[in-house]
Amino acid sequence: MTIPSPSASTPRPEQAPGAAAPRRAPHELLGLTSPAYGGDYNPEQWDEATFAEDLELMAEAGVNLVSLGIFSWARLEPREGVYELDRLVEIVGRLHDAGIAVDLATATASPPAWMATDHPESLPINADGVRLGLGSRQQYCPSSAVYRERSAALAAALAERLGEHPGVVMWHIGNEYGCHTAECFCPACARAFRAWLAEHYGDVERLNAAWGTDFWSQRYASLEQVAPPAAMPTFPNPAQMLDWRRFSDHQLRSLMETEARVLRERSTRPVTTNFMGDFPATDYWRWAEALDVISDDSYPDPADPAAAHEVAWAGDLMRGLADGRPWILMEQAPGAVQWRRRNSPKRPGQLLLWSLARVAHGADGVLQFQWRQSRQGAETFHSGMVPHAGRHSRTWEETVATGRALQRLGPVLGEPVRAEAALVLDWESQWALSTAIGPVEVGERFEAARAWHRSLWEAGIATDIVPVGRRLDGYRLIVVPAVFIDRPELAGHLERAVAAGAQVVVAGPTGVVDANAGAVLGGYLGTLRPLLGVRVTDHAALTGPIGQGDPRGELVNRLSRAVGTPGAETWTGLEAISEPLRRILDRMGTPTPDLRAGGWAEEVRIDGATEEAAENTRAGRGRQTVEVVAVFDGRGGGADLAGRPAITRRTAEGAGAGWYVAADLDVLSRAALLTLVCAHARLRPVVADLPDGVEAQRRGEVLFLLNHADRVAEVSGVVGTDLLTGQACTGHVILSPRSALVVR
Ligand code: GLA
Ligand code: ZN
C-alpha cells in the first residue's frame with residue numbers, strides 16, 4: 001500500500017469576494033505552542049479550597065485554556081448597574097500566574113433574576129403566546145431593549161476591566177445563541193420584525209408581491225398589519241416563514257455583533273462565540289464573518305455507530321466556516337452528557353481518539369464541557385474532566401492522557417487540511433425546504449448533505465464544506481445535495497468548475513424555489529439546467545404504507561383491492577445503464593447488484609434532446625451530450641417512472657461533467673455512484689485500502705490514522721515519527737482498539 005501525499009499543485013479555493021478580511025490562525029491569535037486544552041470553568045460553583053485544588057489539577061492535566069464566567073452574570077452584576085468584578089479579576093490573575101490562559105465570557109447567556117422580575121417584558125414569548133419563566137437559562141427576548149442594553153454594558157464593563165489583561169486571550173460572546181430560545185413572538189419582536197421587513201421591502205406592495213399574499217386573501221394594506229407567524233389555524237405562508245427565520249437569525253446575530261463591537265472598541269483580543277455544528281436556526285456562514293475564531297460545541301452520542309462521522313461532519317463544517325483555517329473545539333463531553341433520554345459514557349480511549357479526530361479535521365484546540373462536574377443543578381449528571389469521584393476515576397485518567405497527548409501536537413498547529421472534494425451547504429435552502437408545505441416533510445438537520453458527506457467520509461475522501469457564494473476553483477468533485485433555493489451565483493461557480501474539469505454531482509430536490517420560496521417555473525433546477533442538461537418536471541414522493549386496515553378486506557373489497565398504489569411503497573428500483581457503474585455494483589458483492597432509492601424520486605426530462613438519448617446510450621450509438629447513467633426500472637414505488645432517467649451525466653468541453661441524481665439513493669447506491677464519479681474525477685482517498693474502522697486525514701505533512709474499531713488494526717506503508725509517542729514508524733504499524741497515530 002502506498003500513501004499518496006496531497007497534490008501540492010492544487011490551489012486553495014479562493015476567498016469569496018466580499019468576505020471578512022483574512023483572519024489569522026487561532027494559534028497565532030491565542031499565542032499557543034500546542035493545541036488549546038481545557039474546558040468551561042465555573043469556579044463560582046465552588047469554594048476557595050476547591051479553586052486552589054483546581055489550579056493543581058489543571059497543571060497535572062496540561063490545561064492551557066479555560067472558558068471562564070459563561071454563567072456568572074448574577075455574580076458580576078448582582079443588582080442592575082452594580083458590578084462586582086473583583087473576584088473575577090483575581091481568578092483571571094491566579095490562572096494567569098499558573099500559566100492558564102482565559103477565554104473570557106461576556107457572561108450574557110443567562111440574565112440574572114432582577115432582569116426577569118424588574119423587566120418582565122425581557123422574557124421571551126413562544127409561538128403559543130406563553131411567556132417563558134425564570135429558573136433555567138437563556139430566558140431573554142432577543143429584541144428586549146433592556147437585555148440589549150444590559151448585555152452590551154456588561155461586555156463593556158468586562159472589557160474595560162480585563163480587555164488588556166495578559167491572562168485574557170479571547171472573548172467568548174454569549175453562549176450557544178439560539179440553543180433554547182431561537183425566536184420570540186412578543187410585541188417587541190413583532191415591531192422589530194416589521195422594521196426588518198420595511199428595510200428589506202421598502203413598501204407593503206413589494207412585500208405582498210414577494211410573499212404572494214393574493215393566496216388565501218393574505219394581502220396587507222400596510223406593514224403595520226404584518227405579524228410574526230405565531231399560532232394560526234393552519235399552514236403559514238412559506239415566504240413569511242422564510243423571512244421570519246431570516247429575521248430571527250438576524251436578531252440573534254445582532255446581539256453577538258453588538259457585543260463584538262463593544263469588545264473591539266475596548267480590547268484587542270479576538271472574539272468567538274461557540275457554534276453548535278449545523279444548528280438549524282442560525283446561518284453560521286453569516287455569523288462566521290463577524291468572528292475572529294470559529295469554535296464549536298459537539299456532542300456525538302457514543303451509542304451511535306456513526307458518531308465518528310458526526311465528528312468529521314462538524315469538523316469539516318467548522319473548517320469551512322473558518323474559510324479553511326483551523327478552529328477550536330469549545331465543548332465536548334469528557335464522558336456522558338445528561339440531556340439525552342439515556343446517556344452513554346464515552347468508551348475507554350474515545351475521549352483522546354475523538355479529540356485527535358477533531359484535530360485531524362482542523363481543530364487547533366480541544367476544550368470540554370466542563371472542567372469540574374457540577375454538584376448541583378440541571379447538569380449534576382453531565383460528566384466533567386474532574387468527575388464527582390475525583391482523581392481516582394477513568395475519566396480523570398483519560399483527561400490527563402488527552403492533555404498530555406495534545407501537548408505533543410505543536411507541529412500540527414496552523415497546518416491546513418487540503419481537500420479536493422467539496423460539498424455545498426446552504427442554511428437558507430434548509431429553511432426553505434423545511435418550511436415548505438410538501439412535497440415531503442423533512443427534518444431540520446441537512447439530512448441529504450449529511451448523507452452525501454458520510455458516503456465520502458466512509459470512502460476516505462477528504463471533503464471541504466462550502467457556502468453557495470464561494471468560488472470552487474481547484475476542486476475535482478463538488479456535491480450539491482438538496483440546495484432547495486435556486487442560486488444563480490452557485491450555478492456560475494459550478495459552470496466554471498466543470499469547464500475547468502470538475503465533476504459536479506447535484507442531488508434533488510435542488511433549485512425548486514426562488515429566494516422568496518416561490519416555485520421555479522418551467523422545470524425545477526432553474527439556473528442549474530444548462531449545466532446538467534436536464535430539468536425536473538415533477539416530484540414523486542413515496543408515502544410508505546398508509547394503513548389499509550383489515551387484511552380480510554382483500555377478500556371482499558372488490559373495487560379497492562384491484563387498485564395499484566406504488567406510492568405506498570418505501571423504495572424504488574433503479575437500473576444502472578452505465579457499464580462502469582454496473583461493474584462497480586458487481587464488485588460491491590451484494591446479493592442483487594442493483595440500485596435503489598428511498599422515498600423520493602423525480603420525473604426528469606432531458607433538455608435539448610429527447611429521451612431517445614437513453615436509448616442511444618443503451619444502444620451504444622455514440623456519446624450524447626447527456627448520458628443516462630441509470631433509469632427507474634419500475635420496481636417498488638417507481639412503477640410510473642419506469643424507463644425514465646434517474647441519474648444523468650452531462651459532459652462538457654473539458655473533462656468535467658454535471659451529474660444529476662433524481663432520487664434519494666440508498667447508502668449502497670450512493671457509494672457506488674461516488675465510486676464512479678471519483679474515478680472520473682481522479683480523486684483518491686487520503687490513504688487507500690485501510691482496514692475497517694480506520695480513518696485517515698492529513699494536515700500538511702502530518703498524517704492522522706484513527707482506529708475507531710473495537711479491534712486491532714494493522715496498516716502498512718506508514719513512515720515517519722509518531723508525534724504522540726516519539727517512536728519511529730518504519731512501514732507496518734499496529735493500532736490498538738480506539739486509538740490513533742499522528743505521523744509526521
Ligand atoms: C451546551 C452548553 C453548556 C452545557 C452543555 C452540556 O453545550 O453550552 O453550557 O450546557 O451543553 O452538554
Ligand atoms: Zn421578543
Side-chain angles (χ1 to χ4, degrees), residues 39-42 44-45 66-73 103 105-111 115-116 119-132 136-148 172-196 227-230 244 247-248 250-252 254-255 272-277 279 282 295-302 314 328-340 343-346 367-374 376-385:
D40 277 38
Y41 187 37
N42 299 306
E44 63 274 16
Q45 295 176 11
V66 293
S67 302
L68 185 66
I70 293 175
F71 295 104
S72 58
W73 192 345
D103 163 42
T106 56
T108 52
S110 194
M115 190 175 294
H119 309 280
E121 77 288 355
S122 69
L123 294 166
I125 293 185
N126 72 13
D128 295 324
V130 176
R131 205 178 273 284
L132 305 181
S136 68
R137 66 176 175 185
Q138 219 171 74
Q139 70 285 354
Y140 60 82
C141 153
S143 309
S144 152
V146 64
Y147 175 80
R148 289 184 163 253
H172 184 296
I173 302 179
N175 190 67
E176 293 194 339
Y177 277 97
C179 178
H180 314 300
T181 311
E183 56 184 5
C184 171
F185 296 84
C186 79
C189 285
R191 276 195 302 280
F193 185 41
R194 284 191 282 272
W196 184 90
W244 173 250
F247 161 77
S248 298
H250 164 273
Q251 208 65 353
L252 280 180
S254 70
L255 292 173
T272 192
T273 188
N274 43 347
F275 289 167
M276 295 167 280
F279 185 65
T282 37
S295 65
D296 192 38
D297 297 351
S298 175
Y299 291 91
D301 189 343
I328 302 269
L329 181 73
M330 191 58 87
E331 294 182 18
Q332 69 172 336
V337 300
Q338 100 295 7
W339 40 261
R340 294 195 170 98
N343 302 285
S344 299
K346 282 198 168 59
L367 277 69
Q368 349 306 306
F369 183 86
Q370 59 177 325
W371 165 251
R372 189 179 275 276
Q373 182 171 8
S374 291
Q376 292 168 303
E379 291 175 334
T380 300
F381 298 107
H382 190 295
S383 59
M385 297 163 80

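Both ligands and their constituent atoms are indexed starting at 1 by order of listing.
- Side-chain contact check for S254 versus R148: some heavy-atom pair is nearer than 4.5 Å.
- The backbone N or O of M276 sits nowhere less than 3.5 Å from a side-chain atom of D297 that would complete a donor-acceptor pair.
- The 4.0 Å heavy-atom shell around ligand 1 contains residues F71, R137, N175, E176, D297, Y299, E331, W339, F369, E379, H382, ordered by chain and number.
- Side-chain atoms of Q373 come within 3.5 Å of backbone atoms of H382 as a donor-acceptor pair (strictly under, hydrogens ignored).
- At a threshold of 4.5 Å between non-hydrogen side-chain atoms, the residues C179 and Q138 count as touching.
- T272 pairs by the side-chain hydrogen bond (donor to acceptor under 3.5 Å, both in side chains) definition with S295, not counting sequence neighbours.
- Residues passing the ring-ring contact (aromatic ring centres under 6.0 Å, His included) test with F193, sequence neighbours excluded: W244, F247.
- For the 3.5 Å distance criterion, the side chains of S374 and Q45 qualify, holding a donor opposite an acceptor.
- Under 2.8 Å from the Zn ion (ligand 2), one finds the following protein N/O/S atoms: C141 SG, C184 SG, C186 SG, C189 SG.
- Checking side-chain atoms of E331 against main-chain N and O of F369 turns up no donor-acceptor pair under 3.5 Å.
- Proximity of a side-chain donor or acceptor of T273 to a complementary backbone N or O of G174 within less than 3.5 Å is not detected.
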